[in-house]
Number of protein chains: 2
Amino acid sequence: ANRPVSGCALIKNESLVTVTGLPDRPGTSWKLFSRIAERNATVDMIVQNVGEQGKADISFTVMSKDLPATLEAVEEVARELGASGFYHEDTVAKVSVVGLGMAQQSGVAAKMFRELANAGINILMITTSEIKISALVSRELGEEALRVVHRAFELDRPVEPSVEE
Amino acid sequence: ANRPVSGCALIKNESLVTVTGLPDRPGTSWKLFSRIAERNATVDMIVQNVGEQGKADISFTVMSKDLPATLEAVEEVARELGASGFYHEDTVAKVSVVGLGMAQQSGVAAKMFRELANAGINILMITTSEIKISALVSRELGEEALRVVHRAFELDRPVEPSVEE
Ligand SMILES: C[C@@H](O)[C@H](N)C(=O)O
Ligand SMILES: C[C@@H](O)[C@H](N)C(=O)O
């Protein structure tokens, strides 16, 4: 059967960094991520929503082990660009569903979000591509989030549920 | 050679919808996307950054042809949930790079953002997955954005550069 979702996964060893009030002009993202790349920190999710009044917030996740180096880079860039501030959240987990047949993504997304809502799990951040939907939730709810999503999409075996510690 | 980026693409027939000040509690995302799915609108990118003071903004793109039905759904949900408001932007384009070897994504992201910055192209929204980085730019800069990214990653032929009108 051409199930829209072929697997799901949970990543628990990431930290979330948010930089607020960045100048919304060309060069900002380059400066931020090149400085982080120079310190060999591996960035996973990057999320920027549309800015307002010339300012934008950018959030991203890194491996928790790379957090100290990342925060040094972020502090420099936030100061140089005059950002409002930055903060990090260490107890997050990313739950994702993947599937090549997700063309009608709004149906799949709605279903995933329904399961998290019914389990009382708040979604902290969302990012998608054509074949994947990822939601950031608080870490202690990660296993529960994976369980309800796994059950909803009737997946007997998740795609290597990389529950990285 | 194991190039981190194997292709890039441009999508020009999307509209961006942003809903601001949504209640940041379980059920909000479900309500929004299930209502949109009921109207058979195809959602592409979904972006939510972390909220503040119990409110969060959610942006997403839909095919421009699905915009009227989408805005009806959004208006209902924004009213029912007491969102601050919503707006849409019709002249956007999504430029993406794809590559299985993107594990060190911060280096690839920094390079893509550098090219857009050097061309004076502002990034309106960012979303990523393990194998894809997408940036929303204003539509009249879409072709230029594709060109500079394509050149930077030395791609002789983009992956079906689906420049959909
Ligand atoms: C906020 C940031 O993305 C900025 N708009 C840039 O282009 O770099
Ligand atoms: C803002 C929205 O994502 C909300 N946190 C939810 O879980 O649905």
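Note that the coordinates shown come from a computational prediction; the quantities given were computed from them, not determined experimentally. Quick note on labels: first sequence line is chain A, next is B, and so on, each numbered from 1.
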Query raised in the report: B:Ile133 pairs by side chain to side chain contact (heavy atoms under 4.5 Å, CB included) with which of B:Val98, B:Val95, B:Thr128?
Result: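 Single pass found, and it is B:Thr128.
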
Query raised in the report: Is any side-chain heavy atom of A:Val47 less than 4.5 Å from a side-chain heavy atom of B:Gln48?
Result: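 No; the side chains remain at least 4.5 Å from each other.
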
Report task. Would you mind reporting whether B:Asn13 and B:Met63 have side-chain heavy atoms less than 4.5 Å apart? Result ->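 Yes; the side chains approach each other to less than 4.5 Å.
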
Compare every heavy atom of [Y] with every heavy atom of [X], then report the nearest pair and how far apart it is.
X        : Y        : answer
A:Val137 : A:Asn122 : CG1-O, 3.8 Å
A:Gly142 : A:Ala93  : CA-CB, 4.2 Å
A:Ser64  : A:Glu14  : OG-C, 3.4 Å
A:Cys8   : A:Val149 : CB-CG1, 4.3 Å

Query raised in the report: Using a cut-off of under 4.5 Å for heavy-atom pairs, which of B:Leu124, B:Leu116, B:Leu16, B:Asn118 has the most such pairs with chain A?
Result: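 Maximum pair count with chain A is reached by B:Leu124.
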
Query - Max heavy-atom pair count under 4.5 Å with chain A, selected residue of B:Ile121, B:Ile36, B:Leu136 - result: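 Winner by heavy-atom pair count: B:Ile121.
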
Query raised in the report: salt bridge (charged side-chain N to carboxylate O under 4.0 Å, His left out): which pairs involve residues 108-119 of chain A, sequence neighbours left out?
Result: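 Listed once each, the pairs would be none.
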
Query raised in the report: Tell me, which pairs form a salt bridge (charged side-chain N to carboxylate O under 4.0 Å, His left out) where one or both residues lie in residues 54-72 of chain B, sequence neighbours left out?
Result: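 Matches after skipping sequence neighbours: B:Arg39-B:Glu72.
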
Report task. May I ask you to decide if A:Met45's main-chain N or O and A:Thr61's side chain share a donor-acceptor pair within less than 3.5 Å? Result ->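 Yes, A:Thr61 side chain to A:Met45 backbone: donor-acceptor pair under 3.5 Å.
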
Report task. Examine the side chains of B:Ser134 and B:Thr127 and answer whether a donor and an acceptor come within less than 3.5 Å of each other. Result ->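 No donor-acceptor contact under 3.5 Å links the two side chains.
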
**Report entry** A:Glu38, part contacting chain B, at a heavy-atom distance under 4.5 Å
**Finding:**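 Neither the backbone nor the side chain of A:Glu38 comes within 4.5 Å of chain B.
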
Query - Contacts of residues 77-92 of chain B with chain A (heavy atom under 4.5 Å) - result: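 Listed by number: B:Tyr87.
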
Query - Sorted by number, residues from residues 18-35 of chain B in contact with chain A (heavy atoms, under 4.5 Å) - result: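 Those residues of residues 18-35 of chain B which have a heavy atom under 4.5 Å from chain A are B:Thr18, B:Thr20, B:Asp24, B:Arg25, B:Pro26, B:Gly27, B:Ser29, B:Trp30, B:Phe33, B:Ser34.
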
